[in-house]
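The next block holds one structure in the form of structure tokens; read it before the comments.
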Amino acid sequence: MKKIINLNKKSSIILYPLPPYNFDATIHKPSHFPSSDNKWEKGNYWISMLWKGTCLGLKLENKGTIAKPKVRVTIHSLKILSKRFKQSLISEIEWRFNLKSDISEFDKRFKKDKTFSPLFKKWRGMKPVAANSLYESLVIYIVLQNATVKRTYSMLESLFNRFGEKIKFDNKILSTFWDPKDINKVPEQTLRDLKLGYRAKFLKRISEQFDKKEIDKFKMREMDKETLKKEALKLYGIGPASVEYLLFEDFYHYDALETIPPWEQKIMSKLLFNKKLVPVGKILSFFRDNYKNWEKLTFHYIWEDIFWKRKNQYVPWLEKEIRL
DNA sequence: CATCAGGGCCCTG
DNA sequence: CAGGGCCCTGAT
């Protein structure tokens with residue numbers, strides 16, 4: 001059992017997201033599998049973060065409304081942080097929690113949508129969130145591949161326990177990720193022992209690329225969608241399915257809807273057409289024809305809505321499609 | 001018990 | 001560009 005690190009120093013700042021901003025629906029995604037690096041309760045969110053080699057604990061509190069959003073961020077750390085460090089950290093936090101991207105056009109354009117206006121209204125101000133760093137997201141995409149939820153969860157938790165730390169702040173104990181070099185320096189077999197299977201090689205290669213600073217996430221944030229896509233596909237172990245998540249969830253391309261994995265296809269078939277299985281092409285053109293430029297964001301609203309429902313009530317047909 | 005596909009990806013031919 | 005192989009797990 002590793003020692004728990006107490007983060008005793010803290011400082012707070014108020015941030016103002018661009019409206020509309022739905023705090024809970026943006027920060028918490030019920031469709032995602034649970035992971036011990038973060039915790040959500042209505043209006044509050046805790047997550048561990050590594051920034052420039054420093055281990056931090058963030059607490060975010062909702063202090064505003066969708067139309068007048070306001071978020072209080074408390075940064076917990078072991079040592080007092082310099083002003084310079086905090087400045088870079090705050091702009092990173094603004095990116096990660098998607099405080100500044102503009103979805104007001106989407107908001108206006110589909111207000112009167114004949115099919116989904118109630119749903120758009122219900123989740124007004126919901127955006128994708130890249131609460132994890134790019135490296136951490138890639139780790140998650142790798143453990144998602146060809147695995148059930150349970151297996152994905154256990155692979156990630158094994159990695160946390162082997163390579164990460166446990167931190168305590170605001171009465172929460174959370175896992176942290178690790179520096180890519182920690183994985184780059186261990187043999188592949190260490191990862192295989194954690195039951196990563198063939199993904200071990202992917203994780204090692206990606207960790208190596210990050211350790212050698214071959215990937216510039218800031219540059220990637222500036223790229224147009226097609227360039228970014230090509231760039232991301234160069235990452236070893238990252239293919240079309242992972243890139244599909246990456247473009248939307250990590251780089252906020254709201255129109256990035258090109259492929260739909262089988263289980264999502266089944267669920268969307270039911271939700272959109274009330275059928276068992278509709279061809280992917282038909283689902284794609286439904287979004288393209290009706291929600292141009294906002295295809296994936298629209299998909300996201302429909303998608304998360306059913307998973308929010310699942311939190312409060314049992315949805316038998318959905319349960320069957322989730323490989324737990 | 002064995003067999004097999006899978007919420008992919010890489011590599012080979 | 002099609003298809004085999006890969007770690008494991010759960011379904012049959």
Side-chain angles (χ1 to χ4, degrees), chain A residues 29-35 128-130 132 134-163 183 186-210 214-215 228-250 256-272 276-281 283-284 287 296 299-300 302-308 310-311 315-324:
Chain A
K29 304 301 184 193
S31 77
H32 290 187
F33 72 95
S35 127
V129 68
N132 291 106
L134 176 58
Y135 172 71
E136 292 161 7
S137 291
L138 291 168
V139 172
I140 292 168
Y141 298 146
I142 287 170
V143 297
L144 278 174
Q145 294 171 11
N146 250 335
T148 56
V149 173
K150 194 176 133 200
R151 181 153 185 232
T152 292
Y153 175 80
S154 85
M155 284 190 272
L156 189 60
E157 293 302 316
S158 307
L159 288 167
F160 280 146
N161 293 334
R162 173 64 179 75
F163 297 102
I183 284 193
V186 300
E188 188 183 312
Q189 189 56 43
T190 307
L191 302 178
R192 286 184 174 264
D193 293 343
L194 300 177
K195 299 198 179 294
L196 262 75
Y198 63 85
R199 300 166 197 79
K201 192 163 124 196
F202 299 170
L203 183 55
K204 264 208 67 96
R205 288 272 282 265
I206 285 195
S207 299
E208 183 189 356
Q209 286 172 287
F210 273 83
E214 289 169 6
I215 290 131
L228 175 61
K229 191 178 162 187
K230 261 203 271 176
E231 207 54 33
L233 282 171
K234 285 185 199 159
L235 294 161
Y236 192 84
I238 297 302
S242 303
V243 161
E244 178 75 19
Y245 290 130
L246 199 77
L247 291 177
F248 177 71
E249 308 224 5
D250 297 277
L257 180 63
E258 289 173 33
T259 58
I260 303 176
W263 75 300
E264 296 188 6
Q265 179 193 2
K266 287 177 204 155
I267 292 169
M268 274 298 167
S269 298
K270 172 83 178 169
L271 290 173
L272 300 180
K276 224 179 163 71
L277 200 64
V278 173
V280 169
I283 299 175
L284 292 177
F287 285 101
K296 188 60 173 257
F299 186 110
H300 185 63
I302 299 166
W303 185 255
E304 292 304 325
D305 179 63
I306 190 70
F307 281 88
W308 276 103
R310 177 174 178 259
K311 279 178 106 85
V315 187
W317 68 265
L318 178 63
E319 227 48 41
K320 237 179 47 205
E321 305 302 350
I322 302 171
R323 298 192 0 176
L324 299 168

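Residue numbers start from 1 in every chain, and the chains themselves are labelled A, B, ... in the order their sequence lines are given, proteins ahead of strands. In this text, all values refer to a predicted model and were calculated from it rather than measured experimentally. Side chains are part of it too, since the values below use all heavy atoms of this structure and drop only hydrogens, waters and symmetry mates.
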| task | Give each stem of DNA chain C as a range with a range, requiring at least 3 consecutive Watson-Crick or G-U wobble pairs whose two distances are under 3.5 Å. | result | B:2-6 with C:8-12, B:8-13 with C:1-6
| Honestly, is A:K311 close enough over A:W308, meaning NZ or CZ under 6.0 Å from the six-membered ring centre and within 45° of the axis? | yes
| task | Describe, in one word, how the ring planes of A:F307 and A:W303 are oriented to each other, choosing from parallel (under 30°), tilted (30 to 60°) and perpendicular (over 60°). | result | tilted
| request: Please check if any side-chain donor atom of A:N161 sits under 3.5 Å from a side-chain acceptor atom of A:E157, or the reverse. | output: no
| task | Would you indicate what A:R199 reaches in the nucleic acid, counting non-hydrogen atoms under 4.0 angstrom: base, sugar-phosphate, or nothing? | result | base
Extract from the structure each pairing of a protein N or O with an N or O of nucleotides 9-12 of chain C at less than 3.5 Å, listing the distance.
| from | atom 1 | to | atom 2 | distance (Å) |
| --- | --- | --- | --- | --- |
| C:dG10 | OP1 | A:K150 | NZ | 2.8 |

| Contact check, side chains of A:I140 and A:Y245, non-hydrogen atoms, under 4.5 Å | no
| field | NZ or CZ of A:K150 within 45° of A:Y153 ring axis and under 6.0 Å | value | no
| Heavy-atom check, side chain of A:I267 versus side chain of A:K270, under 4.5 Å | no
| request: Between B:dC4 and C:dG4, how far apart are the C1' atoms? Round to whole Å, please. | output: 15 Å
| task | Inspect the surroundings of NZ in A:K276 and state if more than 12 heavy atoms from other residues, nucleotides or ligands are less than 6.0 Å away. | result | no
| 4.5 Å side-chain heavy-atom contact, A:V139 and A:N132 | no
| said: Could you tell me if the side chain of A:F287 sits less than 4.5 Å from the side chain of A:I260, heavy atoms only? | reply: no
| message | Can you check the distance between C:dG3 and B:dA5, where both ends of the measurement are the C1' atom (answer in whole Å)? | response | 15 Å
| task | Assign a letter to each nucleotide of nucleotides 8-13 of chain B from its 5' end: B, base within under 4.0 Å of a protein heavy atom; S, sugar-phosphate only; -, no contact. | result | BSSS--
| Starting at CD1 of A:I142 and ending at C1' of B:dG6, how long is that distance when rounded to a whole Å? | 18 Å
| A:S31 pairs by side chain to side chain donor-acceptor pair (under 3.5 Å) with which of A:E304, A:R310, A:H300? | A:E304
